[in-house]
Amino acid sequence: MTDTAKITLGDVSVDSPVLKGSVGPDVIDIRKLYAQTGAFTYDPGFTSTASCESEITYIDGDEGVLLHRGYAIGDLAEQSSFMEVCYLLLNGELPSGDELADFDNTITRHTMLHEQLATFYRGFRRDAHPMAIMCGVVGALSAFYHDSTEIHDPRQRMIASHRLIAKMPTIAAMAYKYSVGQPFVYPRNDLSYTGNFLRMTFGVPAEEYVVNPVVERALDRIFILHADHEQNASTSTVRLAGSSGANPFACIAAGIACLWGPAHGGANEAALNMLREIGRPERIPEYIARAKDKDDPFRLMGFGHRVYKNYDPRATVMQKTVREVFDALKVNDPVFEVALQLEEMALNDPYFVEKKLFPNVDFYSGVILSAIGFPTTMFTALFALARTVGWVAQWNEMISDPAQKIGRPRQLYTGPTQRAYVPVDKR
Ligand code: CMC
């Protein structure tokens with residue numbers, strides 16, 4: 001027998017079914033609530049609202065657990081590759097050796113961009129933020145790849161998904177090359193997904209670029225850590241945009257726009273800027289005091305999370321990866337010491353303890369990306385590159401769901417009630 005939740009409003013009482021997931025909190029199905037009571041629910045920020053049913057990613061924020069299709073993020077980051085995680089997110093199961101080789105080959109053969117897009121880049125100013133370029137170029141893909149925009153054809157949906165995953169590194173690397181005034185570097189099929197991206201970003205036609213395997217592995221791991229994260233703001237944006245039937249390239253461009261904000265993907269850029277501004281451990285207490293001051297808008301960037309009320313499991317892997325990259329590249333950047341000490345002080349401060357504010361994925365990612373050589377403006381573009389697979393997996397899931405409808409929230413209206421129009425000469 002299904003559990004029900006009784007909701008009583010005045011004289012009307014309705015029984016709403018309680019749905020059970022495979023794990024996680026129960027969900028009260030209120031789809032008929034308005035028809036039965038004439039009332040809406042109110043939940044700005046969606047703190048108590050499940051917007052969809054999904055089989056892709058599970059988070060237990062209190063325990064600090066993140067699973068993709070049932071696999072723990074720590075195991076995936078340690079033992080798999082980004083290509084394997086992409087396959088898993090898109091198809092639901094880990095690939096066999098042959099399936100992985102086949103998938104890798106498909107992605108590799110979609111990495112080139114339509115040559116006309118190089119001209120498109122030239123429309124941007126050289127100092128454009130890479131995320132501005134990413135929004136524009138990814139949106140423009142729909143004007144170049146018409147043969148994969150019929151969203152009700154599963155094959156076209158998969159081709160669009162492969163194209164997006166494959167082309168994103170090329171698009172991001174070109175955004176970087178454009179900003180530094182260097183020639184675009186074409187992809188090379190004998191390199192891994194991540195090695196190819198490093199070469200397209202840091203290589204120049206004048207000499208051979210040798211991929212450092214420690215950096216390649218670290219960046220691949222960063223991509224794994226960012227691949228998907230349940231119904232976060234940008235993923236919900238992609239789903240909402242897609243719910244109207246918009247083409248996949250337009251939907252992912254919408255996701256990129258949402259990711260750009262400092263409360264979401266932009267936090268890695270903001271976190272490194274903050275660590276550099278702090279500069280030396282002696283100044284940490286001053287910044288902790290500012291973060292706690294209600295009259296100061298300053299927040300510790302890379303700290304706190306809507307869902308995690310425990311250590312973000314991605315931050316654990318990230319902290320370990322910083323050491324590996326610093327050792328391999330012989331980097332001695334004081335910013336890492338500032339980060340470690342800031343983390344320790346905050347985790348021992350009652351304000352952060354009581355509010356359950358822990359380091360999130362962005363706290364250390366900027367430190368690593370900077371050591372590899374990426375400018376801060378590229379950080380969010382890298383996040384977008386890696387999150388693309390999550391976006392397309394969630395978008396595919398939504399379109400394949402027979403219960404799918406256009407997303408259309410309602411509101412609590414508090415503006416003026418109907419009033420008479422007054423002509424301008426009478427006001
Ligand atoms: N520094 C200081 N105080 C904080 C911080 C912080 N980083 N984060 C939250 N708080 C306080 C906040 O002031 C509030 O206090 P009070 O209850 O007294 O008003 C309380 O903690 C709850 O915060 P909230 O803003 O209501 O929580 P939220 O779930 O709406 O916000 C957040 C989550 C991630 C936007 C927020 O923690 C934040 O702004 N963090 C800094 C930005 C950041 O690192 N973002 C990356 C998120 S992880 C990457 C991703 O998934 O995109």
Side-chain angles (χ1 to χ4, degrees), residues 43-49 56-62 64-66 68 73 131 222-238 254-275 277-278 284-319 339 342-343 345-369 376 379-391 394:
D43 185 17
F46 304 110
T47 53
S48 298
T49 296
I56 302 176
T57 292
Y58 173 72
I59 303 175
D60 182 334
D62 294 325
V65 170
L66 167 60
H68 291 321
I73 190 68
M131 286 297 275
I222 291 177
F223 290 164
I224 293 174
L225 295 178
H226 287 90
D228 192 46
H229 212 224
E230 206 227 52
Q231 307 311 321
N232 57 85
S234 57
T235 303
S236 299
T237 302
V238 169
I256 294 173
C258 176
L259 186 75
W260 194 356
H264 192 7
N268 52 14
E269 184 176 342
L272 186 73
N273 289 339
M274 176 194 75
L275 293 171
E277 192 184 305
I278 297 174
I284 295 171
E286 179 196 327
Y287 282 81
I288 292 209
R290 283 188 59 198
K292 288 157 56 175
D293 181 355
K294 284 277 150 248
D295 298 326
D296 188 333
F298 174 76
R299 284 187 168 198
L300 277 194
M301 298 314 284
F303 251 80
H305 199 275
R306 170 60 63 80
V307 181
Y308 293 117
K309 302 301 166 199
N310 200 326
Y311 212 96
D312 180 340
R314 303 169 300 172
T316 318
V317 184
M318 216 46 113
Q319 198 204 59
L342 176 59
E343 175 186 337
M345 283 175 84
L347 293 183
N348 286 305
D349 188 298
Y351 173 94
F352 293 90
V353 175
E354 276 156 28
K355 293 188 190 301
K356 298 188 178 165
L357 299 169
F358 291 85
N360 61 49
V361 68
D362 293 320
F363 192 64
Y364 287 107
S365 63
V367 177
I368 308 178
L369 296 175
T376 47
F379 294 178
T380 319
L382 293 171
F383 192 157
L385 182 171
R387 182 55 58 85
T388 296
V389 64
W391 289 331
Q394 302 261 357

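These numbers come from a predicted model, not from an experiment. All ligand and atom numbering here is 1-based and tracks the order in the structure. Along the sequence shown, residues are numbered consecutively beginning with 1.
Considering both main-chain and side-chain atoms, Asp362 never comes within under 3.5 Å of ligand 1 through any nitrogen or oxygen pair. Considering backbone and side-chain atoms alike, His229 places every N or O at 3.5 Å or more from each N or O of ligand 1. The distance criterion of under 3.5 Å between nitrogen or oxygen atoms is met by Gly302 with respect to ligand 1.
Nearest residue to atom 23 (O) of ligand 1 from Arg299, Arg290, Lys292 is Arg299 (criterion: closest heavy atom). Of the options Phe303, Phe298, Tyr351, the smallest heavy-atom separation from atom 11 (C) of ligand 1 is shown by Tyr351.
Of all protein heavy atoms, the one lying nearest to atom 51 (O) of ligand 1 is His305 NE2, 3.4 Å. Taking atom 4 (C) of ligand 1 as the reference point, the nearest protein heavy-atom neighbour is Leu357 CD1, 3.5 Å. Nearest protein heavy-atom contact of atom 7 (N) of ligand 1 is Leu300 O, 2.7 Å. Among all protein heavy atoms, the one lying closest to atom 30 (O) of ligand 1 is Arg306 NH2, 3.0 Å. For atom 43 (C) of ligand 1, the nearest non-hydrogen atom of the protein is Ala267 CB, 3.5 Å. Closest to atom 19 (O) of ligand 1 among all protein heavy atoms lies Lys294 NZ, 3.8 Å. Among protein heavy atoms, atom 34 (C) of ligand 1 sits closest to Gly304 O, 3.7 Å. Protein heavy atom in closest approach to atom 47 (C) of ligand 1: Asn360 ND2, 3.6 Å.
The protein reaches atom 9 (C) of ligand 1 closely, with a heavy atom under 4.0 angstrom from it. For atom 27 (O) of ligand 1, no protein heavy-atom neighbour is found at a distance under 4.0 Å.
Interface of His264 with ligand 1, defined as ligand atoms under 4.0 Å from a residue heavy atom, comprises 46 (C), 50 (C), 52 (O). Under a 4.0 Å criterion applied to the non-hydrogen atoms of Ala263, ligand 1 contributes the atoms 45 (N), 46 (C), 47 (C).
With sequence neighbours excluded, no residue satisfies side chain to side chain donor-acceptor pair (under 3.5 Å) with Tyr58. A search for side chain to side chain donor-acceptor pair (under 3.5 Å) contacts involving Ser234 returns Asn232, His264, Trp391, not counting sequence neighbours.
Proximity of the aromatic rings of Phe352 and Phe303 is defined here by a centroid distance below 6.0 angstrom, and this criterion is met.
If you look at Lys355 next to ligand 1, the close heavy atoms, those under 4.0 Å, all belong to the side chain.
Ionic pairing of Lys356 and Asp62 is not present here: no N-O contact between side-chain nitrogen and carboxylate oxygen is shorter than 4.0 angstrom.
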